[in-house]
Structures are given as C-alpha cells and as structure tokens.
Colleague: 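Got a structure for you, questions after.
In this chain, residues are counted from 1 in sequence order. As the structure lists them, so they are numbered: ligands from 1, and atoms in each ligand from 1.
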Amino acid sequence: MIERRGFLGLVGGGAAGAGLAGCGIDLRPLVGNGSQQTAELLRSAAPSPPPFTVALPVPPVRPPVGGLIEVVQRVAEAEILPGLRTAVLGYDGIFPGPTIESRRGEPVRVRHRNELPVPTVVHLHGGHTPPEHDGWPMDLLLPAGSRDYAYPMDQRAATLWYHDHRMDFTGPQVYRGLAGFHLVRDDEEDALGLPSGERELPLMICDRAFEADGSLRYPSIDRTLREVPGVEQPWMEGVLGDVVLVNGAPWPVAEVDAARYRLRILNASNARRYRLALSPGGELTQIGSDGGLLAAPVRHTALDVAPAERFDVVVDFAAYPVGSEVTLVNSLGTGAAAQVMRFRVVRAARDDSRVPAQLPTVEPLRPGPVRREWRFTRGRTGRHAGWTINGLPFDPSRIDARPRLGDVEVWRFSSDLHHPVHVHLDPFQVLSRGGHPPGPSDGGWKDTVDLQPAQDVEVAVRFTDHRGRYVIHCHNLEHEDMAMMAAFATS
Ligand code: C2O
Ligand code: CU
Ligand code: CU
C-alpha cells in the first residue's frame, strides 16, 4: 500500500521534514476529558508563552484583481512563540494564508505556484467546484509548478477555507501552515446590517506542538514527507498539540469596542474538538454554519466545534462593562488548552449593526428514495493499522457511490469513535443524530458533521451542477492520511 500510495521523491528534503529529530520524550500523557477526543496529546519541548500577551493577528485580505488571485506557496519563518523562529509552509509564506474574498456569482481563478520542497494539492473546503479544480488528492501540484484553480463561486455567502489536500500527507502539510480563509459574500448578506469591517473577525483556531528551537513538532513516520504516510503509533488516533493558536498566534488578545462583533470561527486543528464558551459568561449568537447563514439566529452558551467546522457567531461586548476581560474558553481542554483567546473591552462605541430575527431562507431538502450507508471505523489498510470507510481503505481507483445530480439522498454515517465527516461538492442538512432530532450545533447547511463515538447521523444531501469524481472523508487529518476516505462520482 505504501508503494502504491507513496510519492516517489522528486525533490530534496528541505525544511518540510526538518525539525522533528529527537522527539523521544515522555509522550503518552493522557488527555484530560479523554472521552471527548479521539486523539493523543503531543507535548511541546519549547516553553509556552503566558496567555493573552500576543495581539490577535488578522490575515491580510486578498480580493481578486480582474478575477485573478496569485498565491506563492513557500517556506518562510514566522515568530509564533515570542523570541523563537518557526519554519512554516505558507501560502504567500504566511500562516494562516491570506484571506481570499470573493463574491457570489463572480468566478475567481487562484493561481498557485509551488515553491515548496513537497508536492501539494489545493482544496477549497466548502467550495461548489468542478472536479478538475476541487483538489482531488492525487492531482498534485509538483514543486516549481504552477496551476490555476478556477472557482465559479456560484454559491451562497459563507466562510470557506482553503488548505492542502495532498494524498497521504495532508495532516503534516496543513499542520505546517497550509491553510487560509476564503470568504464568499453576497448582496443578500450585505443588506442585513450584520457587524462588519473591523467588527468582523475570522478566527482560525488550531493546536500545535513545538520543539525547543521553535520548530513545529509532528510525529510523522517519514519526516521527509516523501514516501511513508501516517504518524507514529501513539498518535494513530490523531495529534493534539498543547499550544492553542488563533490566526497563528498563541492564546492571543484582541481589544474590542463595547459593541457587536461577528466572529467567523473555524476549527482548523488536525484532530482537536473544542467546546467554546465565554468566561465570565455570555452568549454566542450563531448566525451561520459551514454553508452560510442560518434561517434564524440560535443562541448558545457553549458550542462544540469539530475539525473543519465553521460557526459564524455574533458576540455583543456591550453586555460587559468597559474594562472587562472576556475569555473564549474550551471546556474540553485541560491545562493551557482550556483557554483559547481573550477579548478586552476597551471603549464604549456606537453600534449600528443588527442581528435580524429572520436571516435568509434555508430551503429544507426533501429526501427521495436513495439511501447510502457510510461506516467510519478503525481497520486494516493493507498490512498496517489505519482507518476505513465501510471496512475499506481509500483507493482512488474505486468509486463507492454514484449519486445523480439533483436527487436528494439520505446518507447515514456511523462511527466507532469521533469522526468529523466531510463531503465535497455540496453541503447537506442534518436530519437526525443518534435517532433524535439534530443537535444544537447541527443547524443550517453543513459540509462537516461531528460524529460522536458509536453514533449514527443521517443527513440529506443533494449534488448539483458538476459531474465527476469527488471525495468523502474524515477530517481528523491523521485518519484521512491513514486512508479514511472514499470516492464518489456524480452523474
Ligand atoms: Cu477540508 Cu476534503 O477537506
Ligand atoms: Cu472539502
Ligand atoms: Cu476519523
């Protein structure tokens, strides 16, 4: 299997594999609240900075110019932990990559040039994209190569993200920095009066571990990322870091007005789940999900967020006295991972924003007769332990489902452990969870759903417009790299 799936090194080693030698340390500390994570903690050798000292960075916005955006994938150094240098694989050399902004109905081309020492694949997660531009995992962009990914942007306003999707090596390549936001806007959303401008913040949350010299620590079996996929045995279930980053900064702090803010939350972690809440208390008013706005706002005091899910929330900092500190906490984490970032309410301010009681319509999908089962379980992948769907490891030459465009099908996902299940091409709607109505995090158009251990989730899915080959996979990236993926073809 390794021979079949491996990439026969066209490139020299270089920075991608460097920096992980000598991680022989005390490696199996138990993660607190272990039942809430399918993953193992990887501890840093570098000391963690005190929380809430680094200012929240906001990635630079890149609007298209004449429908084109150019991105160079390159190795660069970042200062993630104060005083240390970290080599990242970055879109334009930064992590997160630049935020791409596009508008519904205005196609964009993103020209990626690969100056990295490893092949890459770019996937627009949540994109309604023709198959040749979707980032099929074997459709490699080789080092020194360049290609255009064309996105029709024929879809609702939503928080999308783009990230690496290279067969077998997505986990280490995203971990090293290949992820960024892609926001789709439209007139319908603009007319609502939601908080905007400085009061709209994309928040990419992810956990990482660091070597003593500041380089990223990740337990790849093959640290050159050339041939052997997967991670060392203790992290088979997934890699949890002990440093929580938001937009690439450890436990940052943001100064805010006493006003409403729109927070576009993305969990870009390889495996970590979060339960986000505000301390000393407060509401997260959810206005959107993976596939854009909900039909009406939903108030939460805590929000479970699995890898790759997006939650678009409004927080009204006018509910706190000026001078307050409001911490975004993670009640599934222990120690430092129990905190995410802090907001400091620094001034009173005028606020003309609104959260309308009615948001754009979400047309409910009415399922037809076709049903499919997708079982996500641990299993053998050739000679190795790995992860399977319906008992089978990913085989790019096998098509497991052939849905017809326009049909609404019921897909039933079942699981042994936690598996955040993601479907390419079109979003779905959750019909039931564990035989009950959808949970509080399941509303609206979803493209990733958080499966709990031994749970069945039924969704209604409808594919439109594009014919061809796509993937469904677990978005725990260690599971994905260890074969928890399957192909389907629309026709
Ligand atoms: Cu976010 Cu197939 O991936
Ligand atoms: Cu995707
Ligand atoms: Cu999984």
Side-chain angles (χ1 to χ4, degrees), residues 37-40 97 120-129 131 133-139 149 151 155 158-171 173-175 178-182 204 206 230-231 235-240 266-273 290-291 306-310 374-379 381 385-390 393-394 396 413-428 445-455 457 461 463 466 469-488:
Q37 304 286 356
T38 295
E40 281 293 327
T120 60
V121 171
V122 181
H123 170 57
L124 176 59
H125 182 127
H128 184 58
T129 307
H133 296 286
D134 189 55
W136 174 257
M138 300 192 64
D139 196 357
Y149 290 90
Y151 303 121
Q155 58 185 102
T159 306
L160 313 185
W161 61 304
Y162 63 106
H163 62 76
D164 192 64
H165 216 299
R166 175 184 166 204
M167 175 97 162
D168 298 340
F169 297 96
T170 294
Q173 296 195 170
V174 170
Y175 191 89
L178 291 174
F181 281 100
H182 180 136
M204 180 190 287
C206 60
V231 291
W235 293 278
M236 272 285 301
E237 292 195 348
V239 175
L240 301 181
L266 158 65
N267 179 358
S269 306
N270 282 30
R272 186 183 284 280
R273 302 173 64 250
D290 304 334
E309 286 188 299
R310 284 88 72 211
W374 303 92
R375 274 182 301 109
F376 293 79
T377 60
R378 190 192 285 272
T381 60
W387 300 94
T388 62
I389 300 180
N390 292 337
F394 183 48
F413 306 137
S414 57
S415 65
D416 54 354
L417 296 165
H418 291 94
H419 298 292
V421 172
H422 171 49
V423 179
H424 284 216
L425 181 58
D426 274 298
F428 50 77
W445 288 105
K446 298 285 295 166
D447 61 44
T448 306
V449 64
D450 182 22
L451 290 198
Q452 311 278 326
Q455 195 176 57
V457 170
V461 64
F463 299 103
H466 305 299
R469 247 176 0 172
Y470 292 91
V471 287
I472 168 174
H473 61 90
C474 179
H475 221 289
N476 172 317
L477 298 183
E478 284 72 45
H479 297 191
E480 178 182 343
D481 283 348
M482 289 183 282
M484 195 171 247
M485 179 147 63
F488 63 90

Colleague: Could you check whether any side-chain N or O of Asp134 sits under 3.5 Å from a backbone N or O of Trp136, counting only pairs where one atom can act as donor and the other as acceptor?
Modeller: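 No, Asp134 side chain to Trp136 backbone: no donor-acceptor pair under 3.5 Å.
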Colleague: What is the minimum heavy-atom distance between Thr448 and Pro307, and which atoms define it?
Modeller: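 Smallest interatomic distance, heavy atoms only, reads CG2-O, 3.5 Å.
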Colleague: Cut-off 3.5 Å, side chains only: do Gln173 and Arg166 have a donor facing an acceptor?
Modeller: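 Looking only at side-chain atoms, Arg166 and Gln173 do form a donor-acceptor pair, the distance falling under 3.5 Å.
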Colleague: Please name the residue in the list His418, His419, Arg378 that meets the side chain to side chain donor-acceptor pair (under 3.5 Å) test with His479.
Modeller: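 Of the listed residues His418, His419, Arg378, the side chain to side chain donor-acceptor pair (under 3.5 Å) partner of His479 is His419.
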Colleague: What do the steps show when you test Phe463 against Phe488 for ring-ring contact (aromatic ring centres under 6.0 Å, His included), and what is the final call?
Modeller: CA-CA 11 Å; Phe463 299 103; Phe488 63 90; 4.9 Å; yes
Colleague: Given His125, which of His165, Arg310, His424 fulfils the side chain to side chain donor-acceptor pair (under 3.5 Å) condition?
Modeller: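 Per the side chain to side chain donor-acceptor pair (under 3.5 Å) rule, the option paired with His125 is Arg310, out of His165, Arg310, His424.
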Colleague: Near atom 2 (Cu) of ligand 1, which protein N/O/S atoms are found at less than 2.8 Å?
Modeller: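 Listed by chain and number, the nearby protein N, O or S atoms are His165 NE2, His424 NE2, His473 NE2.
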Colleague: Do you know which of Asn390, Asp416, Thr388 makes side chain to side chain donor-acceptor pair (under 3.5 Å) with Thr377?
Modeller: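 With Thr377 as partner, side chain to side chain donor-acceptor pair (under 3.5 Å) holds for just one option, Thr388.
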Colleague: Return the orientation label for the His128 and His466 ring planes: parallel under 30°, perpendicular over 60°, tilted otherwise.
Modeller: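 Tilted.
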Colleague: Sorted by chain and residue number, which protein N/O/S atoms are under 2.8 Å from the Cu ion (ligand 2)?
Modeller: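 Protein N, O or S atoms closer than 2.8 Å to the Cu ion (ligand 2): His123 NE2, His422 NE2.
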Colleague: Can a donor-acceptor pair be found, under 3.5 Å and without considering hydrogens, that links the side chain of Tyr175 to the backbone of Asn270?
Modeller: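 No; judged by distance alone, with no hydrogens or angles, the pair does not exist.
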